Amino acid sequence: MKNTIRRGRVAAACLTLLSVSVLSACGSGDDDKKTEAVEKLGKTEGKVSILAWPGYVEDGSNDPEVDWVTPFEKETGCEVTSKVYGTSDEALNLAKSGEYDVIAASGDLSLRLIASDEAQEINTDLVPNYANVYDFLKDTEWNSVDGKNYGVPHGYGANLLMFNKSNFAEPPTSWSAVFDKAELERNKGKVTAYDSPIYIADAALYLMKHQPELKIENPYALDQTQLDAAVALLKEQRQYVGEYWSDYLKEVQAFETGDSVVGTTWQVIKNSIENKDVDVTLPTEGATAWNDTWMLSSQAKSPNCAYKWMDYILSPEANAQATEYFGEAPNSPEACAKTTDPNHCDTFHAGDEEYAQQLWFWRTPIEKCLDGRTDVQCTNYAQWTEAWTEIKG
Amino acid sequence: MAATSTEQPAPAPALRGPAARPGSRLLHRWVWLRLSLLLSGPLAWMLLVYVVALAALLITSLWSVDSLSSQIDHAWTLDNFRTLLENEVYRKVAFRTVAVALTVTVVDVAIALPIAFYMAKVASPRARRMLVVAVLTPLWASYLVKVFAWRVVLSEGGLADWTHLGSPGYGLTAVILTQSYIWLPYVILPIFAALERVPDSLLEAAGDLGAPTGMVLRSIVLPLLVPGIVAGAIFSFSLTMGDYITVNIVGGANQMLGNLIFINAGAANNLPLAAAIAMIPIVVMLVLLTAIRRTGALENL
């Protein structure tokens, strides 16, 4: 009996050693990553694989009318396979697999991709349509590091407030509809919020306008006290939340049936909802927003087709189609001229720099405060993730 | 005739003899060699699937992650377990998960017992076959479809709203309802199998000796049923403990351990913390299985 126990222990120790060596061997296989920009393009590989937000790579399979992938395939001979992701966190995980050549990344993801060597510097000379893009979108702090460009701008838009008119006497114009206790009370259990740590910034933005004594200058640069205040606000909101959404189809269904009546949303979600009572607004406080760039994976297997895709999606025709379908501002005046709705660019204030300054584009919170403060340490994304778990309880 | 019959078989062993014979002789003589050759395949498989995977999980939980690049830092640290112990939210979620799993198990056993009894002891052979098919049919439909169907049933203006009872809405009640529905076949079948093994003659003898129905059930059927009930309960309990999809779809704003693991592994890229959280259900199951083993219920399985 004793003997078998001892033998079991020896076996367990051997196994532990074995699994350690196997696991550490797996962790060191990053040598095939290429992070410098290419000098010139070669022959296209015949296929390209793309990782993007829903609605960015439409090939007509969701709606035969919506298709800008087929023309690209005909033009370049690069066959497109694409995968849709739900949150930036999920995208980072998928990008690390090395299966994707091009990634559409928001500001809260792009820096993390660069930091983990998953992105390749882009030679913008090889992307002719880059010249059209609004200057204020180029070389921003979420698509370039140390003067090196890692992404070409796609479009930008706000996280809007969606509500069901029949539950409100007057259409709401402020984020108070989801943060103020008295207003929340009326819609208890039917409030929804975006299920990601980055949503903490929405609360911080609200506090920035409604509790100036906290001195929040940038909702992505929160010191511990400011984060605690945002977390407290979100914990209070939690009692009125029916469900959180990260899968956009879940929100579409919840607003269709009336399980959710107020909460944060994207224009593309509003566009998918048939219920006429559901409407969206950009609240007076401004909003958090996304500013997306196309990035090239450092593990890209088809870099030439990837460059072709980036140039194509930046072209006025394709960019107009994709951004209008999603409900965001296109990246160039030429694209604005090509939208089917002539007012599209006015509605989304495309090219309006002043308006864009009302929007707080997603960024990854890091210890070095993004608003330039040097006397305090800011909270980083890991702390936000932990806080988000705590908020949901 | 006799000569040919003795000569004819001779070449056959000569063909395969020299190669095979020493081998089989060896295997015959060395029992442990025979055994280890027989068992090495399945044993290696089991070690790979269970032991190595568990060891890998434990080791991963001792690593940490860089917050910006999400690169895993291979230095050993107990930080993850400290987080689990110090942060109240993990305790709360763990408690909630165990509570939901227990409730689902109780509900399932309560529903399964009469159904299994009817199937095994009352129904005609033809009806029994039909009932087995009926119990098994839901297993052929995709899990996701069934959970989304429940989402539609429980939604505002959905089927549950049409009845005058009203809908519980999304939340823990919805999770318990959906999970109980989904795992029910896994509880009915082992209890049915255990009941089928109870000989009818035993029940008849008890009746002949004058035992009332309650007594027959209590002192004859139930003790023989315990292994079946335990098996079913382990299924529903462990499956509920590990699930996150149902909670995601009908759980409203609630989260269970599975969601925390999913968020950390699948979204936040914090694999080490996810591994540490995954240790909680494993420990709970180990404690539970040890407790059940103490009662002796596992020996009859």
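The model shown is predicted, which means the values in this text are computed figures rather than measured ones. By convention in this document, chain letters (A, B, ...) are assigned in the order of the sequence lines, proteins followed by strands, and residues within each chain are numbered from 1.
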A:K188 atom NZ, over 12 foreign heavy atoms within 6.0 Å: yes
Within 6.0 Å of NZ in A:K148, more than 12 heavy atoms from elsewhere: no
Residues B:K92 and A:E390 bridged, charged N to O under 4.0 Å: no
Identified side-chain contact (heavy atoms from CB on, under 4.5 Å) counterpart of A:T389 within the set B:L260, B:N87, B:V93, B:N259: B:L260
Backbone N/O of B:A265 and side chain of A:N93: donor-acceptor pair under 3.5 Å: yes
From CG (B:N254) to CZ (A:R238), nearest 0.5 Å: 5.5 Å
Donor-acceptor under 3.5 Å (A:D259 side chain, B:S155 main chain): no
Residue part contacting chain A, namely of B:L54, when any heavy atom lies under 4.5 Å: neither
Criterion side chain to side chain contact (heavy atoms under 4.5 Å, CB included) on B:I263 and A:K392, from CA distance to verdict: CA-CA 12 Å; B:I263 288 167; A:K392 288 173 74 187; 4.0 Å; yes
Heavy-atom contact with chain B under 4.5 Å, split by part of A:A254: both
Interatomic spacing from OG in A:S246 to CG in B:N248 - rounded to 0.5 Å: 6.5 Å
B:Q255 CD to A:D195 CG distance, which is reported to the nearest 0.5 Å: 8.0 Å
Approximate separation, where rounding is to 0.5 Å, of A:T385 OG1 and B:N264 CG: 8.0 Å
Point-to-point distance, once rounded to the nearest 0.5 Å, from NZ of A:K250 to OH of B:Y170: 9.0 Å
